[in-house]
Structure formats: structure tokens, C-alpha cells
Amino acid sequence: MTDLLQQLIADLTLAAGAPVALERPSDVDHGDYATNVALQLAGRLGRPPREIAEELAGAAGNLDAVAEASVAGPGFVNLRLTDSWFLQALRETLAAGETFGSGSSAAPERVQVEMVSANPTGPITVASARNGAYGDSVARLLAFAGHTVEREYYYNDAGGQMDLFRASVEAARLGQDPPEDGYHGDYIAELAAQPGDPVPRMLAGIEASLERFRVHFDTFERQSVVETEIPEAIALLDTFEQDGALWARTSAHGDEKDRVLVRTDGTPTYFAADAAYVRRKYAKGFDRLFYVLGADHHGYVARLQALAEMLGHPRDSLEALIYQLVHLTRGGEATKMSKRRGDVVFLDDFIDEIGVDAARWYLVSRGHDQTIEIDVDLAAEKSAKNPVFYVQYAHARIAGILRNAPGGVVAQSHEVDLAGALAAEERELVKRLAEFPAVAAEAAQRRAPHAISTYAIRVADDFHRFYHHHKVLGSPQETLRLGLCAATRNVVARCLDLVGVEAPERM
RNA sequence: GGCCCCGUAGCUCAGUGGAUAGAGCGGUGGACUUCGAAUCCACGCGCGGAGGUUCGAUUCCUCCCGGGGCCA
């Protein structure tokens, strides 16, 4: 929310005597902004909503920013704002520059986002790519909101899966079939062709794929290291012995049942490693822990939160971000997603087909609670029709206009001024840009990067419409319109960055 | 059997209490001697079903139906 909008809301709240929320009416003829506060107050005050609305409209009409305030429908107050308000709003976004919309968090935290975390038994798949695309965008949103963010990748370097993986590579070296349920595929043959432990090389390959995908990790954590701290973690938990095993009393902390930590034979469970890992994370000083998990892991959330609580942290300071699975189809037929059978779609192949920008956009432009269905053939074939290019084109188009500006210079924000009445398309675009801080704040709070891509399309839409109707260079309003272009470019570039997509100067 | 997610336009999806529910793709017809036509403009169809909560429900609650997932 811009300062100007906040000021307007504060003034209206004072006039109404109750918190006012402004919204954009679906029909612009209703005004620039509207509020339903009279409808909400009517029940509480026992008065007709229209009567309250009339009073509020009268008070609002006296504000400098308001050109016209009217009552409509059952008790909405519609506001039309003055051109000078729009000018100020534009100046504000220009003056903020790169920081426009940032720092929305009232209480910045140190947070860790743990994501992907696939064991290095094969290349990253498209399913894991959704984890990375979503997790990384949430991390970007959180950082933009003012939090300090670390991205971590966690993997099991010592379990049965890794033994099977190494055995599969070894079998390939000897020209034998892989063990039962072992791994195969071209990548196994490639790893077998090189000597030594294949695990570090596999991990390096995964990291390279993710870097190419613009998902960067600050830290890599190994389970073999975490496991050494199991005793310290267990000492801090609420435990009891039964049937010769050691249990965590997770049922007293929101989990559906208690969990075994140490089996009767003395070996720790995976859950014990989880406990050590959670303890280690908090010990590093994080206020909040994010686990980005596929929907098939939703059953783990309660026990992880139980661990947080037993370790003395609020259970909701450990947040699981659950995303639904990706279903790939090829020519309308479902493709199998079994990594061990080697018929899965790898991230690198996916990127080769549709590009990093389209891949990242596609994987976050839907709600994380929504199953994604992607026809790989269609995505590749129709990439030029992908909305991501529509948004990128708006950026490139503006870059072109600004290159052609006299001297290549755009006026400073305070030099931007009105030159006659603003056109409808100009007012709509300014309003759209003014929404950005609220959109970014809500996207961060809801951990919902798809709100950014949805918004970016609207910005591009408003800009293309503005551009089509109004000449920028050489017009009497050149300075103002160049300012509008520059402000739009900043917002579009920021939106693209928040979802990991490049903002091209030329296309 | 228990739990989680989802049913919105022909298709893929936005919309977590407001006015006439929006985009993209696909379809039809228009707009380039003009700063970038990868653009713009015009035209159609829709909230799975039944109750409840209230001034008002696609949105919140209950049940049912349908799709996906996890656990047992």
C-alpha cells in the first residue's frame, strides 16, 4: 500500500469511526475506489446503511484527494480522486524506485526455507522443480518483505536409498543388471563411466540444474552430520519408554499419536534424525522454519510441529508449505513419474523444451494448493503464447521507449507534472501500480507467489492498453508519460524477479 | 476406515464476505505511412448438489456427489 493510499484510508477511517478498507470497483464508472464500511457498520449501529453512507460521503467529499464521493447500491461509498492525487501517487512510486513495495513486514524475522531436498539418486525432476520454483519464490517474497532468508537443501547421504544408488552404479560398471528396485537410466551409465563415489557428482549435477533454474542454495545439510546430534535432541524432548523402545510424546503436542525415537534394537528412527535436524535449525538462530513439501508429505507436518513445540518454540513457527503434485502429460497421455524406471521428465529436459522463464512462470502461476497439469508437448509448442512473454514484452517495449527518450533520460519524480487532464488509461495504470505494495505484502503473508504473476499480467494489460491509446514521445505529456513508463517498468521488473523470471531489455 | 487438496467459461486457471464473477488459450471479425502488431479492439459460455450462518456467500459451516493424494 502506498503512503498516499494509507493516508486516504486513515482520513476515511477517522470520518467513519471504524476501520475502512478500500477496493477497486469492478466497474470503473463506479469510481476509483469504494468502501463498504457503511454496510458493515449498519448492523452494529442499528441504522440504515445508506444513511451512514451519506454521512461518510459528505465527509469524504471534503478531502483534498477526493473529487467526488457518492452513495450507490445498498450503501457503498464510491470515490473519484483528483488528477493531482494521481500525480502524487505516480511521483511516490518513482521516488521509491527499486524499493517500491518492499519492507512490508512489521516484524522482520530470520527465517530458513528448506526446499527440494531430494536425495541425490538421480537428476532433479519436474516434480522437485515445482518445489524449488515455489519455495524460491516464497523466499524472494519474504526477503522483499524485509525478512532475512536462508535457503537450505537437506539430503540423506547415508541411508538405504543411497546404498541402492551406489550399488546400481557399481553394477553398471561391471556390466551387470542393477539390483532389484535399483536405479537405471542414461544418467546411471554416465556416472558409471567415471571412477569414484557417484554421490558427490550426482549432487553437483543437481546443484547445477537448480542454479540454471535460478534456484540458489546457501547451505547443503547432510543427514549423516545431523544424526550425530540425535542424543542432544532427545535430551530436550518429552519422552517415555515402552516395550523396550524410546518414544516421543508427540500426541501431547498436536500429533495424532506418539512416535518411536529409538527402536528396541537401539537404532534411531528417521524421526529421531528429524528431531535432531529441527533442533539444529533453531539452534542456528532462526525465528521461523519453512519446510516446502509435496502433498504426499502432509502427514509429517503434525509431528514436525510437535517437535518444535517440545523444543520450546511456538508450533506455528515451523511452517509447512504444502504444494500439490505436478501431473505431466505428453500428447494427452499421462507420463509415469517413477524415478527408478527412468521414464520421468527431468528438469533439464523440461527447460530445454520450454526455457527457464516459461518453466518458472508455469510452475508458480497457479495456487500451490492446485494440482498442476502440464502437457509437455503443448507447453513447448505454444511457448510463444505463454503469458510470461506477454509480461516480458511489456518490459521490453518500455525499455525500447525509454531508449528513444530525448537523451535517454527520464525526469526525476518531482519534475513529473500534469499537462492537462489525465486520460482514463493513465489513471487506471497509476491505480494498478499503486496496488503493488499491497499485492506484494499479501503474497508474502499468504506464501502465494502466484498472486504476483496474476498481478503482473494485469499491469502488462493496463500498460499495453495505455500505450495503444496514447503517444508518449513528442506528446505535450511526454514527461509525465515517460515517468509512467519508468514506474511501470520498475514494477514489472520486480514482479518478474519475484517469480525468478528475467526482465529483458529486448526480445 | 481416518486425514489432506481440488470441483468456477470448450481447455488451463485467478478470485479466502460485496455491486453486472475475471484472465490466458482455443473460435469469429476488425486495427500497423505512427515511440516495438510478441500489441490493441469487438463478439460467447460458467461458480458440482442440498441445507445453514447474514443486510449480502464462488468465498464461512454441515452433509452428499465427483477427481487426486497420504496414512492405516
Side-chain angles (χ1 to χ4, degrees), chain A residues 21 23-27 29-31 34-44 46-50 52 71-78 255-257 293-303 320 322-327 329 332 334 337 361-362 364-375 378-379 381-406 425 442 445-446 448 450-475 478 481-482 485 504-507:
Chain A
E23 59 185 39
R24 294 270 306 272
S26 53
D27 187 343
D29 289 339
H30 289 151
T35 178
N36 61 0
V37 68
L39 288 161
Q40 293 173 329
L41 280 173
R44 214 184 314 160
R47 297 175 54 198
R50 282 196 63 104
I52 300 169
V71 179
F76 294 98
V77 176
N78 292 330
D255 196 7
E256 59 186 12
K257 60 183 182 183
L293 301 172
D296 53 339
H297 286 84
H298 90 269
Y300 294 98
V301 177
R303 71 192 76 164
I322 303 291
Y323 62 94
Q324 296 297 314
L325 304 179
V326 180
H327 292 156
T329 61
M337 291 294 286
W361 179 279
Y362 220 92
V364 297
S365 61
R366 287 158 170 67
H368 53 278
D369 278 341
Q370 192 76 234
T371 304
I372 294 184
E373 208 165 288
I374 302 177
D375 187 321
L378 204 61
E381 182 186 329
K382 307 214 168 179
S383 61
K385 296 286 190 182
N386 194 303
V388 67
F389 295 103
Y390 179 77
V391 176
Q392 288 183 310
Y393 180 64
H395 187 272
R397 196 178 218 185
I398 294 170
I401 295 167
L402 297 182
R403 270 196 302 274
N404 292 330
E425 293 82 7
E442 193 187 342
Q445 274 165 8
R446 289 174 54 190
H450 76 279
I452 297 295
S453 48
T454 300
Y455 168 76
I457 290 172
R458 297 205 184 103
V459 176
D461 197 34
D462 283 332
F463 176 76
H464 286 310
R465 190 172 297 113
F466 153 76
Y467 170 86
H468 187 261
H469 285 94
H470 302 286
K471 194 173 172 56
V472 175
L473 299 178
S475 69
E478 180 180 281
R481 288 177 179 167
L482 279 172
C485 286
E505 294 291 309
R506 301 170 194 272
M507 289 176 72

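Throughout, protein chains are lettered first and strands after them, A, B, ... in sequence-line order, and every chain is numbered starting at 1.
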Complementary nucleotide of [N], counting Watson-Crick and G-U pairs under 3.5 Å:
{"N": "C70(B)", "result": "G2(B)"}
{"N": "U59(B)", "result": "none"}
{"N": "C40(B)", "result": "G30(B)"}
{"N": "U12(B)", "result": "A23(B)"}

Query raised in the report: So does Arg458(A) pair up with Asp461(A), basic N to acidic O under 4.0 Å?
Result: no

Query raised in the report: His368(A) and Gln324(A): side-chain donor and acceptor closer than 3.5 Å?
Result: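 No.
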
Considering only the [atom1] atoms, how many Å lie between [N] and [M], rounded to the nearest integer?
{"N": "C6(B)", "M": "U16(B)", "atom1": "P", "answer": "13 Å"}
{"N": "C5(B)", "M": "G30(B)", "atom1": "P", "answer": "49 Å"}
{"N": "U58(B)", "M": "A9(B)", "atom1": "C1'", "answer": "14 Å"}
{"N": "U53(B)", "M": "G17(B)", "atom1": "C1'", "answer": "12 Å"}
{"N": "C43(B)", "M": "C4(B)", "atom1": "C1'", "answer": "42 Å"}
{"N": "A21(B)", "M": "C47(B)", "atom1": "P", "answer": "11 Å"}
{"N": "G46(B)", "M": "C13(B)", "atom1": "C1'", "answer": "13 Å"}
{"N": "U20(B)", "M": "G24(B)", "atom1": "P", "answer": "23 Å"}

Requested in this report: Look at the side chain of His450(A) and the backbone N and O of Val364(A), then say whether any donor-acceptor pair between them is shorter than 3.5 Å.
Outcome: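 No, the answer is negative, given that no donor and acceptor are paired below the 3.5 Å cut-off.
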
Query raised in the report: Would a distance-only check, ignoring hydrogens and angles, find a side-chain to backbone donor-acceptor pair under 3.5 Å from His469(A) to Arg465(A)?
Result: yes

Under 4.5 Å between any side-chain heavy atoms of [X] and [Y], yes or no?
{"X": "Glu256(A)", "Y": "Arg303(A)", "result": "no"}
{"X": "Pro406(A)", "Y": "Glu478(A)", "result": "yes"}
{"X": "Trp361(A)", "Y": "Asn386(A)", "result": "yes"}
{"X": "Cys485(A)", "Y": "Tyr467(A)", "result": "no"}
{"X": "Arg397(A)", "Y": "Gln392(A)", "result": "no"}
{"X": "Val37(A)", "Y": "Val77(A)", "result": "no"}

Query - Phe76(A) aromatic ring stacked with six-membered ring of A19(B), 5.5 Å and 30° - result: yes

**Report entry** Nearest to side-chain heavy atoms of Tyr393(A), which nucleotide of G36(B), C13(B), G18(B)
**Finding:**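 The listed nucleotide nearest to Tyr393(A)'s side chain is G36(B).
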
Can you measure [X] atom [atom1] to [N] atom [atom2] for me and round it to whole angstrom units?
{"X": "Asn36(A)", "N": "U59(B)", "atom1": "CG", "atom2": "C1'", "value": "14 Å"}
{"X": "His368(A)", "N": "C4(B)", "atom1": "NE2", "atom2": "C1'", "value": "13 Å"}
{"X": "His469(A)", "N": "C41(B)", "atom1": "NE2", "atom2": "P", "value": "7 Å"}
{"X": "Tyr362(A)", "N": "A23(B)", "atom1": "OH", "atom2": "P", "value": "19 Å"}
{"X": "Tyr390(A)", "N": "A38(B)", "atom1": "OH", "atom2": "C1'", "value": "11 Å"}
{"X": "Arg506(A)", "N": "A38(B)", "atom1": "CZ", "atom2": "C1'", "value": "16 Å"}
{"X": "Ile372(A)", "N": "G7(B)", "atom1": "CD1", "atom2": "P", "value": "14 Å"}
{"X": "Gln392(A)", "N": "U39(B)", "atom1": "CD", "atom2": "P", "value": "12 Å"}

Looking for any heavy atom pair under 4.0 Å, which part of the strands does [X] touch: base, sugar-phosphate only, or nothing?
{"X": "Glu478(A)", "answer": "nothing"}
{"X": "Leu39(A)", "answer": "base"}
{"X": "Ala451(A)", "answer": "nothing"}
{"X": "Ala34(A)", "answer": "base"}
{"X": "Ala399(A)", "answer": "nothing"}

Query raised in the report: Does His297(A) have its ring centroid less than 6.0 Å away from the ring centroid of Tyr300(A)?
Result: yes

Think [X] has a side-chain N or O under 4.0 angstrom from the OP1 or OP2 of [N]?
{"X": "Arg446(A)", "N": "U16(B)", "result": "yes"}
{"X": "Arg403(A)", "N": "G36(B)", "result": "no"}
{"X": "Gln370(A)", "N": "A14(B)", "result": "yes"}

Query raised in the report: For the base of A19(B), is there a side-chain donor-acceptor partner from Asn78(A) under 3.5 Å away?
Result: yes

Query raised in the report: Which comes earlier along RNA chain B counting from the 5' end, the contact point of Arg465(A) or that of Thr35(A), where each point is its nearest nucleotide?
Result: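 Closer to the 5' end of RNA chain B: Thr35(A).
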
Report task. Hey, which sits more toward the 5' end of RNA chain B by its nearest nucleotide, Asp369(A) or Glu23(A)? Result -> Asp369(A)

Please write out the pairs of protein N or O atoms and N or O atoms of nucleotides 70-72 of chain B separated by less than 3.5 Å, giving the distance to one decimal.
none

Query raised in the report: How many angstroms lie between NZ in Lys471(A) and CZ in Arg481(A), if you round to the nearest 0.5 Å?
Result: 10.5 Å

Query raised in the report: Is C32(B) in the syn range, within 90° of 0, or in the anti range?
Result: syn

Within the sub-3.5 Å range, which N or O atoms of nucleotides 29-35 of chain B have a protein N or O partner, and how far apart are they?
| residue | atom | partner | partner atom | Å |
| --- | --- | --- | --- | --- |
| C35(B) | O2' | Asn404(A) | ND2 | 3.0 |
| C35(B) | O2 | Val472(A) | N | 3.4 |
| C35(B) | O2 | Leu473(A) | N | 2.7 |
| C35(B) | N3 | Val472(A) | N | 2.9 |
| C35(B) | N4 | Tyr467(A) | O | 3.1 |
| C35(B) | N4 | His470(A) | O | 2.7 |

